[in-house]
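First the structure, in the form of structure tokens, and then the observations on it.
Just so we're on the same page: letters track the sequence lines, and every chain starts at 1.
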2 protein chains.
Amino acid sequence: MLSTTEENYLKALLQLTLEQADKAEAGTNELAAQLGVKPATANDMLKKLREKQLINYEKYGKSSLTTEGRKQAIEVVRKHRLWETFLYEHLGFSWDEVHEVAEQLEHIQSSKLIDRLDQFLNYPSFDPHGDVIPSASGEMKIPAKKTLNEEEVGHHCKMVGVKDNSATFLQYVDKVGLRMNQPIKVLSRQPYDELIEIEVNGQKSSVSPRFAENIVIVCNDCELQKNNS
Amino acid sequence: MLSTTEENYLKALLQLTLEQADKAEAGTNELAAQLGVKPATANDMLKKLREKQLINYEKYGKSSLTTEGRKQAIEVVRKHRLWETFLYEHLGFSWDEVHEVAEQLEHIQSSKLIDRLDQFLNYPSFDPHGDVIPSASGEMKIPAKKTLNEEEVGHHCKMVGVKDNSATFLQYVDKVGLRMNQPIKVLSRQPYDELIEIEVNGQKSSVSPRFAENIVIVCNDCELQKNNS
DNA sequence: TATAAAAGTTAGATTAACCTAACAAAAATA
DNA sequence: TATTTTTGTTAGGTTAATCTAACTTTTATA
Ligand SMILES: [Mn+2]
Ligand SMILES: [Mn+2]
Ligand SMILES: [Mn+2]
Ligand SMILES: [Mn+2]
């Protein structure tokens with residue numbers, strides 16, 4: 001059985017390697033920073049996790065999860081997000097309060113507990129932050145990335161990045177009220193001028209296709225793609 | 001903030017000192033046995049807890065909780081029993097499955113979490129084993145002990161001890177179906193012969209006053225007495 | 001390409017929680 | 001009371017997870 005610390009390393013490695021979809025590996029310093037420990041500390045743990053066949057790691061090289069390591073990491077993420085959902089939906093915690101407590105709850109060891117919690121919550125697909133909850137079988141669906149311009153009317157999505165990094169554009173994004181990871185609903189698309197009407201945090205605004213094609217989003221309503229290499 | 005281990009020592013000391021209501025102290029070996037560690041290990045921890053002013057302890061002496069130590073211990077018991085109640089009532093865990101998981105959950109650090117859980121459960125007074133749940137303010141009510149013969153009709157209680165330790169009596173207790181800590185309901189008292197009709201685990205039986213006065217019980221329905229020295 | 005910077009590793013130390021083995025004090029009992 | 005048993009303590013050691021300081025390798029850049 002894994003220690004809380006080992007679980008945290010695997011989860012951190014999963015998160016870092018999911019961020020950059022292309023290369024599924026992370027450096028020692030990067031991992032140490034993510035976990036708030038010194039590189040020397042992370043280095044020790046990397047050797048230990050390699051011994052346990054949970055990661056691929058070679059001296060001076062980048063690290064990546066093995067199939068078993070990935071499975072374990074996904075299980076931790078599943079627990080984290082189910083607990084966040086419980087705290088948010090049943091105990092009246094707010095969006096920003098759930099994470100800290102879920103960091104503790106995700107390490108409770110009881111498969112019966114997590115299965116029953118899943119059932120109690122009615123098998124939710126997303127946590128309060130809109131992140132996908134992995135299934136009991138360890139499948140973690142990753143919603144497709146696209147631009148806001150390509151999003152369908154009526155769908156719910158969230159901004160996960162921008163294509164234009166100019167100050168002008170970023171200031172405009174701010175002004176429109178868009179924030180990273182905040183839920184967005186696409187209300188309509190005007191046939192006359194192609195303006196897209198969106199709702200963010202209760203506020204409605206209209207944006208141009210030019211603007212929208214520089215906003216990268218993930219859609220919660222579109223077909224989900226499994227990601228379980 | 002206390003470590004999980006420190007919390008476990010305080011809780012164990014509370015439990016040991018509640019058992020023998022007269023002398024509120026426990027020996028090093030006794031405590032070590034309760035926690036499943038060696039006396040040498042417990043000895044180290046006793047010194048540490050004394051430094052933190054959580055227990056009273058002197059070399060070769062018995063240990064007892066300070067006011068602060070007792071407060072902390074009661075908080076852990078409160079968390080344990082609220083979680084047990086949650087698992088039992090909302091996640092369909094059985095009587096005997098809840099304890100193991102609650103041993104982990106009782107160490108989650110979040111006062112908001114436990115307050116909200118209490119509210120969610122509608123401020124329960126007893127856990128699934130019939131044990132009293134301490135209040136948010138740290139009051140731990142201890143139900144009055146009395147004999148089954150003194151118990152009122154209609155009340156719910158549980159056996160916590162016997163006054164007669166003869167084999168004959170104990171075998172009779174077994175035969176009637178009484179088990180330690182198992183819920184008992186007093187159904188009636190016949191005016192004619194004073195026989196007491198009780199229900200245990202769905203089974204009804206009648207016992208004599210002679211028998212009943214040798215069964216020590218605690219009543220869940222009687223006035224509770226605070227125990228917060 | 002030579003040098004500087006960044007990234008990664010190693011050695012040695014610390015802390016918490018545990019252990020065993022040897023010893024000391026207190027309590028029980030002969 | 002003397003002896004034995006029980007109880008409690010100490011010394012010294014282990015493991016997991018952390019650190020700092022010094023070192024090495026790799027990568028970037030002048
Ligand atoms: Mn989170
Ligand atoms: Mn989340
Ligand atoms: Mn319990
Ligand atoms: Mn209980």
Atom pair distance, as rounded to whole Å: [atom1] in [X] and [atom2] in [N]:
| X | N | atom1 | atom2 | result |
| --- | --- | --- | --- | --- |
| A:Lys62 | C:dT9 | NZ | C1' | 15 Å |
| A:Glu7 | D:dA16 | CD | C1' | 15 Å |
| A:Asn43 | C:dG12 | CG | C1' | 15 Å |
| B:Asn29 | C:dA26 | CG | C1' | 12 Å |
| A:Asp44 | C:dG12 | CG | P | 14 Å |
| A:Leu31 | C:dT9 | CG | P | 11 Å |
| B:Leu35 | C:dC19 | CG | C1' | 15 Å |
| A:Glu51 | D:dA16 | CD | C1' | 16 Å |

Distance test, side-chain N/O of [X] to OP1/OP2 of [N], below 4.0 Å:
| X | N | value |
| --- | --- | --- |
| A:Tyr9 | D:dA16 | no |
| A:Lys47 | C:dT10 | yes |
| A:Thr41 | D:dC19 | yes |
| A:Lys59 | D:dT25 | no |
| A:Thr28 | C:dT9 | yes |

A:Val37 side chain: which of D:dT18, D:dT10, D:dT24 is closest?
D:dT18
Taking only the side-chain heavy atoms of A:Ala40 (C-beta and beyond), determine which of C:dA11, C:dC18, C:dG8 contains the nearest atom.
C:dA11
Is any side-chain N of the basic residue among [X] and [Y] closer than 4.0 Å to the acidic one's carboxylate O?
| X | Y | answer |
| --- | --- | --- |
| B:Glu58 | B:Arg50 | no |
| A:Glu151 | A:Lys146 | yes |
| B:Glu103 | B:Lys11 | yes |

A:Thr66 side chain vs A:Leu54 backbone, donor-acceptor pair below 3.5 Å:
yes
Kindly indicate, with the supporting measurements, whether the criterion salt bridge (Lys or Arg N to Asp or Glu O under 4.0 Å) is fulfilled by A:Asp131 and A:Lys158.
CA-CA 10 Å; A:Asp131 293 316; A:Lys158 65 174 184 180; 2.8 Å; yes
